[in-house]
Chemist: 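Can you keep this structure in mind? I'll have questions shortly.
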Amino acid sequence: MRIVVLTGAGVSAESGVPTFRDADGLWEGHRVEDVATPEAFEYQPSVVHRFYDARRAALATVDPNPAHHALARLEEAIGDDLLVVTQNIDDLHERGGSTRVVHMHGRLRSAWCRACDGRTDWHDDLADHPPCPRCGVTELRPDVVWFGEIPYEMDRISAALDRADVFVSIGTSGAVYPAAGFVQYAGGRGAHTVELNLEPSAGSALFAEARQGPASVLVPRWVSEVLGS
Ligand code: APR
């Protein structure tokens, strides 16, 4: 059984990583949309860097939760038949033990050089304009996909959705495309579709099955059902 799992901010919420659209969804009074765009980076790079530097620093204070661990257990059992596609830029899936993970919106712990196009694992701040370890130029930006930019690895994601028997969406509001369209894409190709979310998402009615509750409870329970143990 080939399974594609899509995750959003809700899968990391119980680890202490704030979601985007719950509560006021603001960061230091900024709408996320106002700091996560190429235009914002052009006009106020220091504000954008501070936003991502703060989130990168916060990553060191959080740990994977039972939802991340359960998906790693599923991968251990079914190997290449599982692909986790995440909209999250944290590394909690990998720290939870998953290896088959696609970060369609990029990674916080990676810096992208606009001079040499190189990408480097990065755990520190970028606001002080450090030089690129590869080319030495001070043109590093967060390696994340901003609004208006094209998500990463869409070919690999589409290929996996084409072949999926089951598509599961965990902890996402279904507000942002192209991820919000995956349920119709996979469902239209015969996949059984399941939503695991704290509350019904914008696309809940599109799923064959929708369960509400915290990911740390729903995901381990769903994985046990799939594995029969
Ligand atoms: N367990 C399960 N679901 C949860 C939990 C939880 N503990 N806490 C919150 N949720 C659900 C919320 O009900 C909501 O539907 O997770 C969803 C989080 O939605 P958003 O904050 O909109 O995050 P997400 O869907 O990942 O956003 C998509 O938008 O801002 C951009 O690029 C950013 O990747 C992000 C994209």
Side-chain angles (χ1 to χ4, degrees), residues 4-28 30-41 48 51-52 54-56 58-59 62-71 84-93 96 101-110 112 141-154 157 167-184 193-207 209-223:
V4 174
V5 172
L6 171 70
T7 66
V11 82
S12 295
E14 294 162 83
S15 294
V17 180
T19 60
F20 294 93
R21 290 177 186 83
D22 291 351
D24 60 8
L26 292 179
W27 177 82
E28 287 194 3
H30 297 279
R31 283 181 335 124
V32 168
E33 284 78 353
D34 297 339
V35 288
T37 64
E39 296 74 25
F41 190 61
V48 173
F51 173 64
Y52 288 100
R55 296 180 64 201
R56 196 175 301 107
L59 256 191
V62 299
D63 291 311
N65 67 56
H68 299 106
H69 291 298
L71 291 173
V84 174
V85 177
T86 187
Q87 298 168 88
N88 299 343
I89 57 177
D90 65 52
D91 59 351
L92 294 177
H93 281 301
V101 182
V102 171
H103 284 267
M104 69 181 290
H105 291 166
R107 296 184 302 127
L108 256 180
R109 286 183 161 168
S110 175
W112 180 17
R141 60 161 271 184
D143 185 13
V144 296
V145 176
W146 287 325
F147 288 96
E149 296 185 323
I150 299 167
Y152 295 159
E153 301 198 65
M154 285 306 295
I157 296 170
F167 171 74
V168 182
S169 173
I170 304 171
T172 183
S173 57
V176 175
Y177 283 78
F182 292 171
V183 57
Q184 278 164 308
T193 55
V194 182
E195 178 177 78
L196 307 177
N197 219 50
L198 196 59
E199 64 211 351
S201 73
S204 223
L206 300 166
F207 287 83
E209 212 184 315
R211 307 180 188 179
Q212 278 87 48
S216 66
V217 174
L218 292 186
V219 179
R221 189 182 294 161
W222 172 74
V223 168

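Order of appearance sets the numbers: ligands from 1, and atoms from 1 within every ligand.
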Chemist: Can you give me every donor-acceptor pair (side chain of residues 213-223, partner residue at least two apart or in another chain, under 3.5 Å) with its distance?
Modeler:
{"unit_1": "Ser216", "atom_1": "OG", "unit_2": "Glu14", "atom_2": "OE1", "d": "2.4"}

Chemist: Would you check whether Pro214 has a nitrogen or oxygen atom less than 3.5 angstrom from a nitrogen or oxygen atom of ligand 1?
Modeler: no
Chemist: Mind checking whether Thr172 contacts ligand 1 via backbone (N, CA, C, O), side chain (CB onward), both or neither, at a 4.0 Å heavy-atom cut-off?
Modeler: both
Chemist: Could you tell me whether ligand 1 has any atom less than 4.0 Å away from a heavy atom of Ser216?
Modeler: no
Chemist: Minimum heavy-atom separation for Phe41 and Pro142, please, with both atom names.
Modeler: CE1-CD, 4.4 Å
Chemist: Considering distance alone, does some N or O of His105 sit under 3.5 Å from an N or O of ligand 1?
Modeler: yes
Chemist: Going by the closest heavy atom to atom 18 (C) of ligand 1, which one wins out of Ser204, Gly171, Pro200, Gly8?
Modeler: Gly171
Chemist: With atoms numbered from 1 as shown, which atoms in ligand 1 lie under 4.0 angstrom from a non-hydrogen atom of Ala13?
Modeler: 8 (N)
Chemist: Roughly how far, to the nearest 0.5 Å, is OG1 of Thr86 from CG of Asp91?
Modeler: 11.0 Å
Chemist: Using a strict cut-off of 4.0 Å, indicate which atoms of ligand 1 neighbour a heavy atom of Gly213.
Modeler: 1 (N), 2 (C)
Chemist: Sub-3.5 Å donor-acceptor pair from the side chain of Asn65 to the main-chain atoms of Ala67, do we have one?
Modeler: yes
Chemist: Check the angle between the aromatic planes of Tyr52 and Trp146 and answer parallel, tilted or perpendicular using the 30° and 60° thresholds.
Modeler: tilted
Chemist: Counting N and O atoms only, with roles assigned by atom type, does the side chain of Asn197 sit under 3.5 Å from a partner on the main chain of Gly171, one being a donor and the other an acceptor?
Modeler: yes
Chemist: Quick check: does Glu199 get an N/O under 3.5 Å from an N/O on ligand 1?
Modeler: yes
Chemist: Could you say whether the N/O atoms of Ala215 and ligand 1 ever approach to under 3.5 Å?
Modeler: yes
Chemist: At less than 4.0 angstrom from any non-hydrogen atom of Glu14, what atoms of ligand 1 do you find?
Modeler: 1 (N), 6 (C), 7 (N)
Chemist: Hey, what do you get for CE (Met104) to CD (Gln87), rounding to the nearest 0.5 Å?
Modeler: 6.0 Å
Chemist: For ligand 1, does Gln87 get within less than 4.0 Å through its side chain, its backbone, both, or neither, judged by non-hydrogen atoms?
Modeler: both
Chemist: Could you tell me which atoms of ligand 1, counted from 1 in the order shown, lie closer than 4.0 angstrom to a heavy atom of Phe147?
Modeler: 30 (O), 31 (C)
Chemist: Measure the acute angle between the ring planes of Phe182 and Phe167, then classify it against the limits of 30° and 60° as parallel, tilted or perpendicular.
Modeler: perpendicular
Chemist: Pick, from Val145, Leu198, Asn197, the option with the minimum heavy-atom distance to atom 14 (C) of ligand 1.
Modeler: Asn197
Chemist: Donor-acceptor pair, distance only, cut-off 3.5 Å: does the side chain of Ser15 make one with the backbone of Val17?
Modeler: no
Chemist: With heavy atoms under 4.0 Å as the rule, classify the contact between Ser173 and ligand 1 as side chain, backbone, both or neither.
Modeler: both
